[in-house]
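Both backbone and side-chain heavy atoms feed into the values below; hydrogens, waters and symmetry mates do not.
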Amino acid sequence: DKQTTKQLDQAKQLAASYRYDEAIALLEKDDAKEAQQLLATLKKEKESLVKWEDPAKISHVFFHSLIVDPAKAFHTQQAQGYKDYMVTISEFNKTIDQLYKNNYVLVNLNGLVKKGPDGKLTFTGVSLPEGKKPLILSQDDVSYYESVSYTHLRAHETDSYLVCRL
């Protein structure tokens with residue numbers, strides 16, 4: 001039926017993102033034969049996952065703001081700073097592709113820690129298929145520099161895109 005097909009698709013998508021617990025929980029509620037077959041497969045796959053329990057072994061890469069218009073960015077007074085510290089969208093995409101080719105998997109930092117009742121964060125780790133390596137990606141120094149005027153930014157402001165300068 002449609003509901004089972006929808007749940008199967010959702011469970012497959014969750015498993016493809018290595019979110020096995022969520023996929024399994026979804027399928028455990030469905031008695032359909034296909035759902036139970038997928039459930040058995042996912043439970044078996046989950047058993048073979050490699051647990052990454054040492055936060056020092058999880059790679060982290062960060063980027064500064066991405067350059068959208070290289071022609072403008074590299075022909076300004078700040079050009080050298082942009083060249084030294086930032087990447088273009090094309091360079092970013094190539095980097096991500098290369099990371100994937102080297103078996104890195106982007107993981108959500110929020111899923112790696114758990115906040116206890118005392119407010120203390122505890123590292124919970126992540127489980128991935130053998131050969132896959134976790135990677136945390138972050139963006140650093142997201143800001144607009146003096147070369148981008150507040151008036152210019154306000155010109156692009158909408159109800160869902162607000163501009164604030166402290």
message = side chain to side chain contact (heavy atoms under 4.5 Å, CB included), that's the test. Do Y82 and T76 meet it? Break it down for me.
response = CA-CA 9 Å; Y82 293 150; T76 67; 3.7 Å; yes

When rounded to the nearest 0.5 angstrom, what distance separates [atom1] in [X] from [atom2] in [Y]?
X	Y	atom1	atom2	value
Q7	E34	CD	CD	12.0 Å
T41	K43	OG1	NZ	11.5 Å
K2	K6	NZ	NZ	10.5 Å
N108	Y18	CG	OH	15.0 Å
L38	I24	CG	CD1	9.5 Å
E47	S127	CD	OG	12.0 Å

Could you walk me through whether Y104 and L137 satisfy the side chain to side chain contact (heavy atoms under 4.5 Å, CB included) test, starting with their C-alpha distance in whole Å, then the side-chain angles of each, then the deciding distance to 0.1 Å, before giving a yes or no? CA-CA 11 Å; Y104 282 96; L137 182 141; over 6 Å; no

Requested in this report: Applying side chain to side chain contact (heavy atoms under 4.5 Å, CB included), run through T95 and V61 and close with a yes or a no.
Outcome: CA-CA 10 Å; T95 301; V61 63; 5.8 Å; no

Considering all heavy atoms, the nearest [X]-[Y] contact:
X	Y	answer
P134	I58	CG-CG1, 3.7 Å
T124	G111	OG1-O, 3.3 Å
S48	E45	OG-O, 2.8 Å
L135	H60	CD1-N, 4.1 Å
A15	A23	N-CB, 4.2 Å

key: Residue Q80 excluded, over 12 heavy atoms near CD under 6.0 Å   = yes

Heavy atoms from other residues, nucleotides or ligands near OH of Y85 exceed 12 (cutoff 6.0 Å): no

Applying a strict under-4.5 Å side-chain criterion to I, L, V, M, F, W and Y, I'd like to know whether [X] and [Y] cluster together.
X	Y	answer
Y100	I136	no
L49	L128	yes
I89	F62	no

Quiz item: Of L8, D30, L27, which is the lone residue that meets side chain to side chain contact (heavy atoms under 4.5 Å, CB included) with L39?
Solution: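 Between L39 and the candidates, side chain to side chain contact (heavy atoms under 4.5 Å, CB included) is satisfied uniquely by L27.
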
Main-chain N/O of N102 paired with K133 side-chain donor or acceptor, under 3.5 Å: yes

Start with the C-alpha distance between L66 and E91, add both sets of side-chain angles, then the distance that settles side chain to side chain contact (heavy atoms under 4.5 Å, CB included), and finish with yes or no.
CA-CA 9 Å; L66 301 181; E91 291 168 331; over 6 Å; no

